[in-house]
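I have placed the structure first, in the form of structure tokens, so that the comments after it can refer back to it.
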There are 2 protein chains.
Amino acid sequence: MTINIIIADDHQLFIDGIKSILYKAIDITTIGEANNGLEVLKLLEDGITPDVILTDIRMPIIDGIQLTKTISKTYPNLKVLALSMFDQTADVIEMLNAGAKGYVTKNVDKSELIEALHTLVKGNYYISKNLPFDIQDWFEKKLGHAQESNLTKRETEILQLIAKGRTSIQIAKHLKLSKYTIDTHRKNIHKKLGIKSNTGLVNFALNNL
Amino acid sequence: MTINIIIADDHQLFIDGIKSILYKAIDITTIGEANNGLEVLKLLEDGITPDVILTDIRMPIIDGIQLTKTISKTYPNLKVLALSMFDQTADVIEMLNAGAKGYVTKNVDKSELIEALHTLVKGNYYISKNLPFDIQDWFEKKLGHAQESNLTKRETEILQLIAKGRTSIQIAKHLKLSKYTIDTHRKNIHKKLGIKSNTGLVNFALNNL
DNA sequence: TTTCATATACCTAATGTTAGGTATATATTT
DNA sequence: AAATATATACCTAACATTAGGTATATGAAA
């Protein structure tokens, strides 16, 4: 299956560089490019449906962090792969907290970039190996929490029922709880996973539970 | 068009309950009742021509399963709607394998029962939403294979976008169509797949596309 | 050529989800 | 003993889907 991407960077030269790197990768297609976050959102509103957004962090008008937050909310299944210079540790952490699923440095080589894209599309996280250690450590800690123990037993139970197509009311009856309680659990699951839609939850559940 | 039904249950009180529920449904007429499978077959042999048999599973002399098998063979256009208590998972699966076209629980409410009858008459399957989940899963699988997803190009395209978490409005913008058109396609997809929820569609899409 | 499948578009009411809260109770950890 | 995590329950407004229609246009099949 072809991976469709949008590249966002305020330096056109850099976009062109990435495009030429990816040009020969037969299963990756650049279906859009943008020089700031706002342009990315416009493309999405126009109905372009990429699988991954490859974005710089520092951009004018809407930066990569705000862009990633908006995407996490509005297009929960769309993955964001962050690009950054070495010296921006804090920004990268902010990006990942905003919901980015991966991070590579700008001097990434071709094979690593392609690997990162494939990894993200499969639903996994990708973090460059040649990174400042503090980022790696922080991320491993985050993953450790986010992937396994983040959801409680009850939340996992409810997520599985959601993935099977049960409504909040049906789940409430099944567990002999209030509908409001189920909705609260739902919201906590949303928060913990950074996924804010029913379809996104089904995707997550089928891939991870 | 009026839907003519026969109700079969070994508890007369239950038959009376269903009859009173259906009494006000102007297009549904109870043209016969029976306390076991043999009585149903006798009615049919006597020339009564119902559209649907509403039958319990456990009954004396001839039970619902054997009754359904006989009907599937002898009266192939006659639909069987199974009624069951919650705890009879295995029996229900046997019923559906025997040729029943629908299944509702005995604590079904009026509107769902009427909906089920209409659905069956139109030639579709009907399965209660508030069912033990293993039955639903089994049935969805069965349907999925039986119908071989004869979705049109457009429908497949839209289903994939739904599975990616797009809303009807987003899809409409993307395809430059009206939101109403997308909803119509949605409904047609529901009908063809026998799946009537967004989460169910995501499940189907991830498993089959 | 009439019928059928496909695709399009519109409408409303009912149901369900999402986002924004607040709030209590219990058990575990620090 | 105080803080934290977990589970429970309630409320409302906004948004989205579902279920019930109706209706038109086009191209392919009978």
Side-chain angles (χ1 to χ4, degrees), chain A residues 69-70 72-77 145 148-159 161-203 205, chain B residues 25 27 109-119 121-122 124 126 129-130 149-159 161-205:
Chain A
K69 284 182 184 165
T70 304
S72 299
K73 207 174 187 177
T74 314
Y75 309 94
N77 295 325
H145 290 313
E148 34 182 324
S149 72
N150 210 345
L151 291 186
T152 66
K153 257 190 194 173
R154 203 48 149 178
E155 286 163 354
T156 303
E157 188 181 13
I158 288 168
L159 176 53
L161 294 173
I162 291 171
K164 286 193 175 179
R166 276 7 126 198
T167 66
S168 291
I169 289 172
Q170 287 172 341
I171 295 169
K173 274 184 193 160
H174 178 48
L175 300 178
K176 292 181 174 42
L177 293 173
S178 158
K179 179 252 187 195
Y180 296 117
T181 304
I182 307 303
D183 280 339
T184 301
H185 284 305
R186 232 183 229 275
K187 282 182 284 192
N188 289 333
I189 294 168
H190 289 165
K191 236 182 234 163
K192 286 187 179 175
L193 299 181
I195 297 170
K196 309 219 166 187
S197 79
N198 220 336
T199 52
L201 290 184
V202 179
N203 271 282
Chain B
D27 61 343
D109 65 29
K110 185 186 168 175
S111 62
E112 189 177 353
L113 181 55
I114 291 171
E115 191 198 341
L117 289 170
H118 281 116
T119 304
V121 166
K122 280 178 199 151
N124 297 312
Y126 186 91
K129 282 144 205 159
N130 56 341
S149 83
N150 41 4
L151 293 182
T152 66
K153 257 191 194 175
R154 203 50 148 178
E155 287 163 353
T156 304
E157 187 181 14
I158 289 167
L159 176 52
L161 293 172
I162 291 172
K164 285 193 176 180
R166 301 319 179 242
T167 67
S168 290
I169 289 172
Q170 288 172 340
I171 295 169
K173 273 184 192 160
H174 176 43
L175 300 178
K176 293 184 175 41
L177 294 173
S178 157
K179 179 252 188 197
Y180 296 116
T181 304
I182 306 303
D183 282 337
T184 301
H185 284 304
R186 235 183 227 272
K187 281 183 285 191
N188 290 333
I189 294 168
H190 289 164
K191 237 183 230 162
K192 285 190 180 174
L193 299 182
I195 299 170
K196 308 215 166 191
S197 76
N198 218 338
T199 51
L201 291 184
V202 179
N203 269 282
F204 178 87

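Proteins get letters first, then strands, A, B, ... in listed order; numbering begins at 1 in each.
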Under the rule for side chain to side chain contact (heavy atoms under 4.5 Å, CB included), what residues qualify as partners of [X], not counting sequence neighbours?
X: A/S197; result: A/P76, A/T199
X: B/T152; result: B/R154, B/E155, B/K192
X: A/T184; result: A/N188
X: B/A116; result: B/L81, B/V104, B/Y126

(request) Summarise how protein sits on nucleotides 3-8 of chain C as a single string, 5' to 3': B when a protein heavy atom is under 4.0 Å from the base, S for sugar-phosphate-only contact, - for no contact. (result) ---SSB

Measure the shortest side-chain to side-chain distance between [X] and [Y] over non-hydrogen atoms and say whether it is less than 4.5 angstrom.
X: B/K164; Y: B/V202; answer: no
X: B/H185; Y: B/I171; answer: no
X: B/L159; Y: B/F204; answer: yes
X: B/I162; Y: B/N198; answer: yes

Using the 3.5 Å cut-off, write out each protein N or O paired with an N or O of nucleotides 28-30 of chain D and the distance between them.
none

(message) What is the distance, to the nearest angstrom, from the NZ atom on A/K173 to the C1' atom on C/dT15?
(response)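 That distance rounds to 13 Å.
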
(request) Output yes when a side-chain donor or acceptor of B/H174 lies under 3.5 Å from a complementary backbone atom of B/Q170, and no otherwise. (result)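 Looks like no, no N/O pair under 3.5 Å.
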
Strictly under 3.5 Å: I want the nitrogen or oxygen pairs between protein and nucleotides 27-30 of chain C, one per line.
none

When you compare the protein's N or O atoms with those of nucleotides 16-20 of chain C, which come within less than 3.5 Å of each other, and at what distance?
from, atom 1, to, atom 2, distance (Å)
C/dT17, OP1, A/R186, NH2, 3.1
C/dT17, OP2, A/S168, N, 3.0
C/dT17, OP2, A/S168, OG, 3.3
C/dT18, OP1, A/N198, N, 2.4
C/dT18, OP2, A/R186, NH1, 3.2
C/dG20, O6, A/K187, NZ, 2.1

(message) For A/K179, give me all partners under salt bridge (Lys or Arg N to Asp or Glu O under 4.0 Å), at least two apart in sequence or on another chain.
(response)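 Expected list: A/D183.
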
(message) With each end axis built from five pairs of C1' atoms, what bend angle do you get for the helix from C/dT1-D/dA30 to C/dT30-D/dA1? Round to 10°.
(response)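 It comes to 40° between the two terminal axes.
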
